[in-house]
Amino acid sequence: MTIRRVSAFIDALLHNRRPPKFSPDADDIAAMRAAIELRAAQPGATIPNSEFVADLHRRLAEQQRAGTGNLEDLTHRRVSRRGLLQGATAAAAAAAAGVLVGRELVSNGSTAPSAMGGHLVPDHGTWQAVTTRAELANSHVVPFTTSSTVGFVVEDGRRLAALSGVCTHLGCVLRHNPTTNRLDCPCHRASFSLRGDVVRHEFAGPLAPLPHLSVRERDGTVEVYAPASD
Amino acid sequence: MRAYLLATARTVLAAHWRRRYAAEITSIDVLGDRAQLDDPPSESDAPRRTAAIIAALPDRYGRILELRFLESCSIREAAHAMNISLANAKVLQHRALRHAAALFEGTP
């Protein structure tokens with residue numbers, strides 16, 4: 001029995017560190033399994049670590065670039081099994097993260113994404129100041145962050161609109177491209193118009209438009225209706 | 001697509017466990033997990049199950065797991081709280097987990 005080793009494994013598990021390598025016996029394995037079950041029950045355990053998701057997006061973007069760079073070259077090169085496996089790992093993890101993020105959004109009470117690009121109305125929301133009329137007059141598109149949402153306030157002539165700033169593909173945070181006046185996804189080649197419509201993407205399936213948030217102006221302050229912070 | 005990704009995740013996970021511990025510690029149930037993905041989102045029942053399992057353990061076993069997993073105590077703090085030595089706390093934790101493992105196996 002390697003009690004000390006299992007104890008170190010549990011320490012690593014509880015602190016999100018890489019556990020040490022060792023040769024567990026049947027009892028150790030049973031203990032490790034139980035520890036994993038217990039750890040998985042902690043609040044927030046089903047939500048992927050944001051640093052992990054960000055790193056995953058970066059790796060996927062790199063792979064995407066490498067993949068589209070030179071197809072000819074790629075087909076002639078021998079791809080190692082390990083390389084393939086790593087790619088597959090990232091893709092599988094991304095899918096898992098996408099599913100979880102999707103579930104979180106739905107369980108927060110927002111409108112489920114629809115072909116019409118839903119309207120995000122939280123169950124327990126408050127009006128939160130995100131920018132000012134003056135700033136909007138300056139740049140017309142202003143990014144904002146609340147405790148639980150990211151997005152853009154857009155002034156289109158005299159009309160105000162607030163859009164989610166999260167790509168509906170895998171959840172990367174969109175960037176405003178002032179040249180094209182579109183919202184570009186930094187991860188893959190997806191772009192949305194300032195009305196939230198999909199302008200272009202390169203995925204096999206359809207891509208949902210961006211959800212809108214409620215927005216209003218009061219005394220020169222622009223507010224969005226977003227989930228209340230605790 | 002989901003089935004493919006789940007199957008891939010399953011293979012990768014199994015390879016990871018075998019490489020590091022020469023044994024498959026956890027695995028993905030492709031059919032079961034896939035069915036779950038198609039279900040409407042629901043709250044995880046893991047916290048409820050865990051509480052039930054800890055409650056079903058003998059006092060000292062339940063206590064150390066509670067300290068470690070629910071109250072985020074280090075093994076040293078847990079040993080102190082239970083007034084036992086560090087070595088004993090590690091043994092107790094190990095036994096408690098093995099006991100819990102048997103209970104986990106008995107529940108769906």
Side-chain angles (χ1 to χ4, degrees), chain A residues 1-11 13-15 18-43 45-47 82 84-96 98-100 102-108 112 204-205, chain B residues 1-2 4-13 15-17 19-26 28 33 36-37 40-51 53-54 65-66 68-70 72-75 86-87 89-105 107:
Chain A
M1 214 191 289
T2 41
I3 289 174
R4 198 174 48 81
R5 301 283 205 140
V6 174
S7 183
F9 175 89
I10 292 158
D11 277 335
L13 186 69
L14 288 171
H15 293 103
R18 177 180 280 255
K21 200 168 169 174
F22 68 104
S23 304
D25 63 21
D27 276 347
D28 297 336
I29 291 171
M32 287 157 74
R33 261 184 209 142
I36 290 167
E37 288 269 8
L38 290 170
R39 174 69 182 88
Q42 285 183 352
T46 53
I47 301 167
R82 189 177 165 75
L84 264 181
L85 209 59
Q86 279 172 344
T89 317
V99 166
L100 287 163
R103 284 188 177 201
E104 280 308 300
L105 280 174
V106 173
S107 63
N108 280 346
Chain B
M1 188 63 181
R2 277 177 173 177
Y4 162 75
L5 287 171
L6 266 180
T8 305
R10 183 193 159 85
T11 310
V12 169
L13 183 67
H16 164 77
W17 286 126
R19 203 166 52 237
R20 286 188 69 79
Y21 301 106
E24 215 172 304
I25 312 283
T26 62
I28 294 174
D33 288 355
Q36 235 176 42
L37 282 181
S42 59
E43 282 293 307
S44 162
D45 73 337
R48 191 189 50 73
R49 232 179 106 200
T50 303
I53 288 203
I54 288 183
L65 296 188
E66 221 169 61
R68 289 289 276 144
F69 288 89
L70 301 181
S72 332
C73 286
S74 68
I75 189 80
L86 187 59
K90 286 182 184 174
V91 173
L92 190 63
Q93 170 181 263
H94 199 278
R95 291 192 182 145
L97 285 173
R98 272 166 49 211
H99 216 99
L103 294 179
F104 271 120
E105 263 166 36
T107 63

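Naming convention: chains lettered A, B, ... in sequence-line order (proteins, then strands); numbering from 1 in each chain. Just the heavy atoms: all of them, side chains too, but no hydrogens, waters or symmetry mates, feed the values below.
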Spacing of [atom1] belonging to [X] relative to [atom2] belonging to [Y], to within rounding of 0.5 Å:
| X | Y | atom1 | atom2 | result |
| --- | --- | --- | --- | --- |
| B:Ser74 | A:Asp11 | OG | CG | 7.5 Å |
| A:Ile10 | B:His94 | CD1 | NE2 | 7.0 Å |
| B:Phe104 | A:Ile36 | CZ | CD1 | 11.0 Å |

- [ ] Select one option (side chain, backbone, both, neither) describing which atoms of A:Leu38 are under 4.5 Å from chain B's heavy atoms.
- [x]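 For A:Leu38, backbone and side chain are both near chain B.
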
Minimal non-hydrogen separation, [X] against [Y], with atom names:
| X | Y | value |
| --- | --- | --- |
| A:Ala34 | B:Leu97 | CB-O, 3.2 Å |
| A:Arg4 | B:Lys90 | CG-NZ, 4.2 Å |
| B:Arg68 | A:Ser7 | NH2-O, 4.4 Å |

- [ ] Could you look at B:Leu13 and say if it's the side chain, the backbone, both or neither that has a heavy atom under 4.5 Å from chain A?
- [x]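 Looking at B:Leu13, nothing touches chain A.
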
Task: Winner by heavy-atom pair count (cut-off under 4.5 Å) against chain B, out of A:Ser23, A:Ala35, A:Ala26 - done: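 Result: the option with the highest number of such pairs is A:Ala35.
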
Task: Presence of salt bridge, B:Arg95 and A:Asp27, under 4.0 angstrom - done: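 No, A:Asp27 and B:Arg95 are not salt-bridged.
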
Open item on the list: Is the ring pair B:Tyr21/A:Phe22 parallel, tilted or perpendicular, if the boundaries are 30 and 60 degrees?
Closed with: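 It falls in the perpendicular class, over 60°.
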
